[in-house]
Enquirer: 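Below is one structure. I have some questions about it.
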2 protein chains.
Amino acid sequence: MTAVKKASTIQENKQIALDLCPVTYVMEKIGGYWKPIILYHLSKQSKRYSEVKRAIPAITEKVLIQHLKQLEEDGLVIRESKPVVPPFVTYSLSTAGKGLIPVINAMAKWAIKERQGAFM
Amino acid sequence: MTAVKKASTIQENKQIALDLCPVTYVMEKIGGYWKPIILYHLSKQSKRYSEVKRAIPAITEKVLIQHLKQLEEDGLVIRESKPVVPPFVTYSLSTAGKGLIPVINAMAKWAIKERQGAFM
DNA sequence: ACAAGTACTTACCCTAAAGTATGTATTATG
DNA sequence: CATAATACATACTTTAGGGTAAGTACTTGT
């Protein structure tokens with residue numbers, strides 16, 4: 001009889017990790033591929049929905065709006081709509097969202113350096 | 001007959017986005033949930049495989065090693081193994097990987113502030 | 001002889017995320 | 001009356017990532 005490998009209780013561990021690791025906490029909010037990219041474009045200036053869309057041609061509308069909603073729920077972006085037609089909706093960074101600008105800028109800086117071969 | 005909505009050629013767009021948006025470039029390297037967390041733990045000091053594992057109990061071995069390999073391929077971490085038994089493998093940040101420390105630190109800083117309610 | 005520790009690997013499954021393709025409300029304009 | 005523009009919504013499919021569980025090689029310790 002071989003010993004049974006103890007199953008790691010991943011779900012419990014995740015809660016603990018959230019409390020202990022600050023980066024894990026951030027990943028819960030802006031983890032994934034698209035969110036930092038969206039935040040990057042909003043960091044330069046608030047934008048209408050269609051402007052964000054044009055700024056990120058590689059994203060589909062479904063995914064874009066989905067992330068915008070989540071970012072809004074998480075208190076990182078603010079949605080403002082004017083009751084006109086055609087609709088006029090603006091997205092901007094909240095205070096918490098603006099707090100992420102150093103993160104985004106650090107990323108951009110690294111990318112530029114990397115592509116210049118600064119780390120080789 | 002209704003006009004057919006022109007399908008967006010997402011794949012081509014992605015290449016363009018990569019060239020134009022620095023954050024997109026970063027996301028191609030460290031996008032996803034786990035990579036920044038791994039880099040965070042390596043940023044404090046190089047670690048043996050088992051140490052990384054213990055530092056991130058919420059990750060499974062499969063996913064951990066998978067990401068370590070990718071990070072190595074992308075030139076962000078360095079793997080060094082001593083030909084002894086039991087195996088002794090150390091992971092550390094490369095120069096490019098170290099270049100990401102400001103990003104990681106900015107994240108950690110934001111997380112701490114957020115949880116203190118600094119953005120409310 | 002068998003367990004224990006290290007650094008993996010592999011096969012299989014499952015779900016969440018992403019992509020495709022369309023539809024909708026409203027109003028101004030030709 | 002059809003069209004265009006904006007900001008979405010939604011049904012459906014596909015894919016990639018992640019999770020589970022187990023196996024492997026080699027040696028030291030009991």
Side-chain angles (χ1 to χ4, degrees), chain A residues 1-14 17 24 27-28 30-38 46-72 77-92, chain B residues 1-14 17 24 27-28 30-38 46-72 77-92:
Chain A
M1 179 194 174
T2 32
V4 175
K5 196 168 194 179
K6 191 155 161 211
S8 359
T9 83
I10 297 289
Q11 297 315 315
E12 294 166 34
N13 285 343
K14 262 195 176 162
T24 298
M27 284 305 110
E28 287 291 325
I30 61 161
Y33 185 83
W34 292 113
K35 281 179 185 169
I37 296 171
I38 295 171
S46 351
K47 285 191 166 62
R48 290 184 68 173
Y49 171 79
S50 53
E51 290 179 305
V52 182
K53 218 183 90 183
R54 271 191 295 276
I56 318 176
I59 201 174
T60 60
E61 288 194 71
K62 190 196 124 196
V63 173
L64 174 56
I65 197 108
Q66 191 175 289
H67 283 109
L68 284 171
K69 299 275 176 211
Q70 282 177 31
L71 289 169
E72 196 195 351
V77 315
I78 295 165
R79 192 193 102 111
E80 280 164 302
S81 76
K82 289 184 195 165
V84 296
V85 68
F88 195 102
V89 177
T90 314
Y91 289 92
S92 56
Chain B
M1 180 191 174
T2 32
V4 175
K5 198 169 194 178
K6 190 154 161 213
S8 359
T9 84
I10 297 290
Q11 296 315 316
E12 294 167 34
N13 285 342
K14 263 195 178 164
T24 298
M27 284 305 110
E28 287 291 325
I30 62 161
Y33 185 82
W34 292 112
K35 282 180 184 169
I37 297 171
I38 295 171
S46 347
K47 286 190 165 62
R48 291 184 68 172
Y49 171 78
S50 53
E51 290 179 306
V52 181
K53 219 184 89 182
R54 270 191 295 275
I56 317 177
I59 202 173
T60 60
E61 289 194 70
K62 189 196 121 195
V63 173
L64 174 57
I65 197 109
Q66 190 175 287
H67 282 111
L68 283 171
K69 298 277 176 211
Q70 283 177 31
L71 289 168
E72 196 194 352
V77 315
I78 295 166
R79 192 192 102 110
E80 281 164 301
S81 77
K82 290 184 194 165
V84 296
V85 68
F88 195 100
V89 178
T90 314
Y91 289 92
S92 56

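Residue numbering restarts at 1 for every chain, and letters A, B, ... go by the order of the sequence lines.
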Enquirer: Please examine the side chains of L71(A) and Y91(A), heavy atoms only from C-beta on, and report whether any two atoms are closer than 4.5 Å.
Expert: no
Enquirer: Are OP1 or OP2 of dA7(D) and a side-chain N or O of S50(A) less than 4.0 angstrom apart?
Expert: yes
Enquirer: When you check the phosphate oxygens OP1 and OP2 of dA17(C), does a side-chain N or O of H67(A) lie under 4.0 Å from one of them?
Expert: no
Enquirer: If you define the side chain from C-beta out and look only at heavy atoms, does anything of L68(B) sit under 4.5 Å from E72(B)?
Expert: no
Enquirer: Looking at dA18(C), dG18(D), dC8(C), which one has an atom nearest to any side-chain atom of Q66(A)?
Expert: dA18(C)
Enquirer: Using a 4.0 Å heavy-atom cut-off, does K62(B) contact any base of the nucleic acid, only the sugar-phosphate backbone, or nothing at all?
Expert: base
Enquirer: Rounding to an integer number of Å, can you tell me how far K82(B) NZ sits from dC26(D) C1'?
Expert: 18 Å
Enquirer: Please report the distance, rounded to the nearest Å, between OH in Y49(A) and P in dA25(C).
Expert: 18 Å
Enquirer: Specify the separation, in whole Å, of atom NZ of K69(A) and atom P of dA18(C).
Expert: 17 Å
Enquirer: Distance check: side-chain N/O of R48(B) vs OP1/OP2 of dC8(C), anything under 4.0 Å?
Expert: no
Enquirer: Just the rounded figure in Å: distance from C1' of dA7(D) to CD of E51(A).
Expert: 13 Å
Enquirer: Mind calculating the distance between CD1 (I59(A)) and P (dA17(C)) to the nearest angstrom?
Expert: 14 Å
Enquirer: Between E51(B) and R48(B), which heavy-atom pair has the shortest distance, and what is it?
Expert: OE1-N, 2.7 Å
Enquirer: Minimum heavy-atom separation for K47(B) to V52(B), with atom names?
Expert: CB-CG2, 3.7 Å
Enquirer: To the nearest Å, give me how far apart NZ (K53(B)) and P (dG5(C)) are.
Expert: 10 Å
Enquirer: Mind listing the closest non-hydrogen atom pair of V89(B) and S81(B) along with its distance?
Expert: CG2-CB, 3.7 Å
Enquirer: Taking the side chain as everything from C-beta on, heavy atoms only, tell me whether F88(B) gets closer than 4.5 Å to E80(B).
Expert: no
Enquirer: Between G32(A) and I65(B), which is nearer to the 5' end of DNA chain C once each is assigned its nearest nucleotide?
Expert: I65(B)
Enquirer: Figure out the CG/P separation between L68(B) and dT6(C), and round it to whole Å.
Expert: 16 Å
Enquirer: Tell me, which of residues 83-92 of chain A have any heavy atom that sits under 4.0 Å from an atom in DNA chain C?
Expert: V85(A)
Enquirer: Write down the distance between NZ (K35(B)) and P (dA16(D)), rounded to a whole number of angstrom.
Expert: 14 Å
Enquirer: Closest heavy-atom contact between S46(A) and T90(A)?
Expert: CB-CG2, 3.9 Å
